[in-house]
Trainee: 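Below is the structure I would like to discuss, written out as structure tokens.
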2 protein chains.
Amino acid sequence: MAYRRTDSVAARLADTRRHILNAARELVAEGGFAAAQMTEVAKKAGVATGTLYRYFPSKEELCRQVFREVSAREMNVLAGIAQGEGSAAERLESVLRTFASRAVRGRRLAFALLAEPVDVGLAEERARFRRTHGEIFAGILEDGIAAGEFPPRDVRVAAACIAGAIPTALIGPLAPESHELDEKGDKVVDEIMNFCLAGVGLLRARPQAKAEPRIRA
Amino acid sequence: MAYRRTDSVAARLADTRRHILNAARELVAEGGFAAAQMTEVAKKAGVATGTLYRYFPSKEELCRQVFREVSAREMNVLAGIAQGEGSAAERLESVLRTFASRAVRGRRLAFALLAEPVDVGLAEERARFRRTHGEIFAGILEDGIAAGEFPPRDVRVAAACIAGAIPTALIGPLAPESHELDEKGDKVVDEIMNFCLAGVGLLRARPQAKAEPRIRA
DNA sequence: CGCTAAGCTGAATCGTAGTTCATTCGGGTT
DNA sequence: AACCCGAATGAACTACGATTCAGCTTAGCG
């Protein structure tokens with residue numbers, strides 16, 4: 001009988017694959033995608049360089065995979081809120097605050113996802129990430145317009161504006177060296193929300209909502 | 001007597017420098033910074049590769065110089081409007097429209113300045129560019145707040161939001177392949193302005209201002 | 001227990017631009 | 001005219017990290 005891939009081997013393979021992805025993710029979280037060199041990833045994962053190529057066809061694919069995993073986590077959190085309960089205005093507010101405050105916490109990783117100089121392959125992945133953000137925002141805006149909570153407008157453009165405004169406003173402070181957000185983080189997040197909510201025609205009654213952002217895994 | 005650099009030689013040197021910068025700028029305008037390879041620049045400028053290094057210490061410096069020249073032109077246009085006459089609201093509106101519509105026209109170059117994947121050196125230059133944008137917006141916002149035209153707020157954050165919202169909203173459409181803006185350009189620009197102006201608490205009476213953007217230089 | 005296929009290793013290789021430098025060129029000086 | 005010096009040349013060099021692959025180890029099978 002021919003050679004057969006037993007369960008235990010399959011499990012080990014899957015395990016190694018995870019190790020590799022985890023190692024890469026950790027390197028990215030520490031030093032951005034620039035730090036995710038194949039040799040380093042291999043070292044951190046405890047395998048040889050060549051082994052990486054038994055699991056991923058190229059560095060680009062490996063990095064894309066890491067990007068997707070990390071960004072998917074973020075988007076799921078936001079999508080969960082977007083599809084949750086509450087008025088469109090409440091959900092929008094929650095999504096914005098969550099987006100921004102998670103970025104502030106996971107500083108380095110957020111910087112890698114949103115602003116670090118990367119090559120074209122990852123830039124493509126990043127564009128997809130932004131587009132998905134936009135879709136989440138756009139969905140809420142549509143709800144809000146349908147419900148008469150916001151004035152009608154082109155939700156695609158407004159959503160893209162939000163998707164651009166938040167990272168950019170955070171970036172200076174988001175840059176790995178900066179510690180500005182350690183103190184002023186909440187204030188900045190609040191100002192960004194003021195801008196974005198006003199941008200879609202929603203004026204917050206209280207200039208600063210005290211509610212903690214809802215953060216889930 | 002020692003060798004002396006005559007005027008005619010100095011003129012020729014300056015001329016070559018310009019040729020090089022122009023060649024590089026043209027390549028960037030055609031194919032982004034990715035197309036600005038030293039060999040290509042030299043070919044286009046009509047000099048040898050080595051000659052480039054008599055005028056610029058490295059590719060990075062050459063590219064930075066190009067970036068600065070191109071972006072300086074844009075910023076001067078905006079700064080001119082910002083320091084011109086009119087209420088803060090009028091100037092803000094004019095600056096935003098000018099920024100966006102110039103980007104739409106100079107599609108490829110705008111993409112190179114704002115969104116093309118570039119290496120760290122140019123990313124730094126780009127950050128400076130964005131910061132300067134922010135300062136221009138912030139100046140107008142401060143005027144407007146002082147004059148009671150807009151509600152008070154943290155102008156730095158609002159300015160950064162604007163500086164991020166405009167490019168991001170244009171980017172999908174700004175990507176070199178996309179021709180979406182050929183038709184919908186004005187509409188998109190208008191929607192972006194709605195968002196940004198509302199974001200700083202300024203609601204436009206007429207949803208679509210018909211005035212042509214002031215474009216100089 | 002051999003025997004084979006699958007998986008792993010990591011030093012060597014490769015590819016790609018950016019950069020250098022020995023040489024040639026041409027205007028400036030005596 | 002003879003000589004000098006800075007400018008220009010472009011083929012060769014280099015740096016750098018991704019990728020490969022010949023040899024080695026381990027797991028399945030009779």
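Every chain is numbered from 1 and lettered A, B, ... according to where its sequence line falls, protein lines coming before strand lines.
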Trainee: What pair of heavy atoms forms the shortest contact from A:Val66 to A:Ala24, and how long is it?
Mentor: CG2-CB, 3.6 Å
Trainee: Can you list the residues that meet the side-chain hydrogen bond (donor to acceptor under 3.5 Å, both in side chains) rule with B:Gln37, with sequence neighbours excluded?
Mentor: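 Scan of B:Gln37 (side-chain hydrogen bond (donor to acceptor under 3.5 Å, both in side chains), adjacent residues dropped) gives none.
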Trainee: A:Phe56 near the nucleic acid: base, sugar-phosphate alone, or nothing, with a heavy-atom cut-off under 4.0 Å?
Mentor: nothing
Trainee: Taking CZ from A:Phe33 and P from D:dG17, how many angstroms apart are they, rounded to a whole number?
Mentor: 18 Å
Trainee: B:Glu74 and salt bridge (Lys or Arg N to Asp or Glu O under 4.0 Å): which single residue from B:Arg130, B:Arg102, B:Arg68 fits?
Mentor: B:Arg102
Trainee: Rounded to the Å, how far apart are A:Tyr55 OH and D:dT19 P?
Mentor: 18 Å
Trainee: Which whole-number value in Å describes the distance from B:Lys43 NZ to D:dT9 P?
Mentor: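 Between P of D:dT9 and NZ of B:Lys43: 15 Å.
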Trainee: Could you check whether A:Leu13 gets within reach of a base, just the sugar-phosphate, or nothing at all, counting any heavy atom under 4.0 Å?
Mentor: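 Sugar-phosphate: the residue A:Leu13, judged by heavy atoms under 4.0 Å, touches backbone atoms but no base.
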Trainee: Whole angstroms only, please: what is the CZ-P distance between A:Arg17 and C:dG7?
Mentor: 14 Å
Trainee: Rounded to whole Å, how long is the line connecting atom CZ of B:Arg54 with atom C1' of C:dC25?
Mentor: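 Computing the B:Arg54:CZ to C:dC25:C1' distance gives 13 Å.
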Trainee: Take atom CG of A:Asp119 and atom P of C:dG15, then tell me their distance rounded to the nearest Å.
Mentor: 19 Å
Trainee: One pair to check against side chain to side chain donor-acceptor pair (under 3.5 Å): B:Asn22 and B:Arg25. What are the steps and the verdict?
Mentor: CA-CA 5 Å; B:Asn22 290 347; B:Arg25 179 169 38 67; 2.8 Å; yes
Trainee: With sequence neighbours left out, what residues match B:Arg64 under side-chain hydrogen bond (donor to acceptor under 3.5 Å, both in side chains)?
Mentor: B:Glu60, B:Glu124, B:Glu125
Trainee: Relative to the ring of B:Phe129, is the ring of B:His133 parallel (under 30°), tilted (30 to 60°) or perpendicular (over 60°)?
Mentor: tilted
Trainee: In whole angstroms, how far is the P atom of C:dT9 from the CG atom of A:Leu52?
Mentor: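 About 9 Å, once rounded to whole Å.
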Trainee: Might you list the N or O atoms of the protein lying below 3.5 Å from N or O atoms in nucleotides 16-20 of chain C, with each pair's distance?
Mentor:
| unit_1 | atom_1 | unit_2 | atom_2 | d |
| --- | --- | --- | --- | --- |
| C:dG18 | OP1 | B:Lys59 | NZ | 2.4 |
| C:dG18 | OP2 | B:Met38 | N | 3.2 |
| C:dT19 | OP2 | B:Tyr53 | OH | 2.6 |
| C:dT19 | OP2 | B:Lys59 | N | 2.8 |
| C:dT19 | O5' | B:Tyr53 | OH | 3.4 |

Trainee: For D:dA8, does OP1 or OP2 lie under 4.0 Å from any side-chain N or O of B:Arg12?
Mentor: yes
